Amino acid sequence: MLAFAPVVSPYMGLARLLFTQEAAPAPSDLFTGLADDLARSGIVTLSQTPQTGDKIGQIDIADTGLSAPVYYGDGSAQLNQGAGVYEGAWIPGEGRTVLVAGHAGTFFRKLEGVQPGMQITFATYYGQYVYEVTKVDILEATDDAAYDFARTDENLILYTCYPFDMLGYTPFRFFVYAEYVSGPVIERAQ
């Protein structure tokens, strides 16, 4: 054993390093089990910031039958489970642009029926928000003018691939623009 120790020792150290590291925390379901009396207005203190993969809410558009769980992040893992909030934007209640993506073939298929004037309900783990659709648009996937993260008013943008019946990559996106109607304002916990 002593003869092989100089050869085996570096590999044993590497194995210990690889197999004893703490794993990243698993995503949480922040949304399950909330009371029916979610804050609908006023101010909420947000002590828990969502992490990538956390389930943070539910989007519903009653007029179309659209209902989708919402996750923080818009990677494949999140979009295969529901809709995803783009991490480079904001979350409801922060008073800025909230950008939410979903797959056209699954969770956002019913966006096709959205019309201006319809209401979108976005229930989160800290409150319930209502937005009113102001416009729908079809734009190129690379069109940076489709969203404005510099806006200083709360607004919601939902988007998906277009046309709805195509599988795979599409060069266009279907956008739904909505203005804030109601919901609590976030106050960050100190």
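Keep in mind it's a predicted model, so treat the numbers as computed, not measured. Residue indices begin at 1 and follow the sequence shown.
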Inset, instruction - Write down the atom of P92, the atom of V98, and the distance for their closest heavy-atom approach. - result: N-CG2, 3.7 Å
Inset, instruction - Starting at CG of L156, measure out to CD1 of I59 and round the result to the nearest 0.5 Å. - result: 5.5 Å
Legend entry - Short side-chain to backbone donor-acceptor contact, Q81 and A77, under 3.5 Å: yes
Inset, instruction - Go through the structure and list residues passing side-chain hydrogen bond (donor to acceptor under 3.5 Å, both in side chains) with T97, not counting sequence neighbours. - result: N155
Inset, instruction - Would you mind listing every salt bridge (charged side-chain N to carboxylate O under 4.0 Å, His left out) that reaches into residues 116-126, with sequence neighbours excluded? - result: none
Inset, instruction - Hey, could you give me the CG/CD1 distance between L99 and I91, rounded to the nearest 0.5 Å? - result: 14.0 Å
Legend entry - Single-linkage hydrophobic cluster, 4.5 Å side-chain cutoff, M118 and F122 together: yes
Legend entry - Heavy-atom pair with the smallest gap, counting every atom of V44 and P184: CG1-CB, 3.6 Å
Legend entry - Residue pairs, two or more places apart or on separate chains, that pass ring pair (Phe, Tyr, Trp, His ring centres under 6.0 Å) and touch residues 64-106: Y86-F149
Inset, instruction - Name the orientation class of the two ring planes belonging to Y131 and Y129 (parallel below 30°, tilted from 30 to 60°, perpendicular beyond 60°). - result: parallel
With a 3.5 Å cut-off and sequence neighbours excluded, list the donor-acceptor pairs that the side chains of residues 132-148 form with protein atoms.
{"from": "T134", "atom 1": "OG1", "to": "Y177", "atom 2": "O", "distance (Å)": "3.3"}
{"from": "D143", "atom 1": "OD1", "to": "A145", "atom 2": "N", "distance (Å)": "2.9"}
{"from": "D148", "atom 1": "OD1", "to": "A150", "atom 2": "N", "distance (Å)": "2.9"}

Inset, instruction - Grab the two heavy atoms, one from Y125 and one from P50, that are nearest each other, plus how far apart they are. - result: OH-CD, 3.2 Å
Legend entry - Gap separating the CG atom of L111 from the CD1 atom of I61, nearest 0.5 angstrom: 5.5 Å
Legend entry - Beyond-backbone contact of C161 with F108, side-chain heavy atoms, under 4.5 angstrom: no
Inset, instruction - Just jot down the ring-ring contact (aromatic ring centres under 6.0 Å, His included) partners of Y159, sequence neighbours excluded, or say none. - result: F175
Inset, instruction - Would you check if the side chain of T160 reaches a backbone N or O of G102 as a donor-acceptor pair within less than 3.5 Å? - result: yes
Inset, instruction - Among residues two or more places apart or on two chains, list those pairs meeting salt bridge (charged side-chain N to carboxylate O under 4.0 Å, His left out) that have a residue in residues 154-181. - result: R151-E179
Inset, instruction - For residues 56-73, pull every pair meeting salt bridge (charged side-chain N to carboxylate O under 4.0 Å, His left out), keeping only residues two or more places apart or in separate chains. - result: none
Legend entry - Flag side-chain contact, heavy atom, 4.5 Å: T170 against M166: yes
Inset, instruction - Can you tell me which residue pairs pass the salt bridge (charged side-chain N to carboxylate O under 4.0 Å, His left out) test with a partner in residues 92-110, sequence neighbours excluded? - result: E94-R188, R109-E112
Inset, instruction - Could you tell me the separation between the OG1 atom of T45 and the CD1 atom of I186, rounded to the nearest 0.5 Å? - result: 10.0 Å
Inset, instruction - Heavy atoms only: give me the nearest V100-A83 pair and the separation to one decimal. - result: CG1-CB, 3.7 Å
Inset, instruction - Show your reasoning for whether side chain to side chain contact (heavy atoms under 4.5 Å, CB included) applies to L158 and I120. - result: CA-CA 10 Å; L158 308 179; I120 301 169; 3.8 Å; yes
Inset, instruction - Apply side-chain hydrogen bond (donor to acceptor under 3.5 Å, both in side chains) to T52 and list each qualifying residue two or more places apart in sequence or on a separate chain. - result: E87
Inset, instruction - Answer yes if V176 and Y180 sit in the same cluster of Ile, Leu, Val, Met, Phe, Trp and Tyr residues linked by side chain heavy atoms under 4.5 Å apart, and no otherwise. - result: yes
Inset, instruction - Could you pull out all residues at least two apart from F164 that satisfy ring-ring contact (aromatic ring centres under 6.0 Å, His included)? - result: Y162, F174
Inset, instruction - Looking only at non-hydrogen atoms, find the nearest pair between Q58 and S67 and report the distance. - result: NE2-OG, 2.7 Å
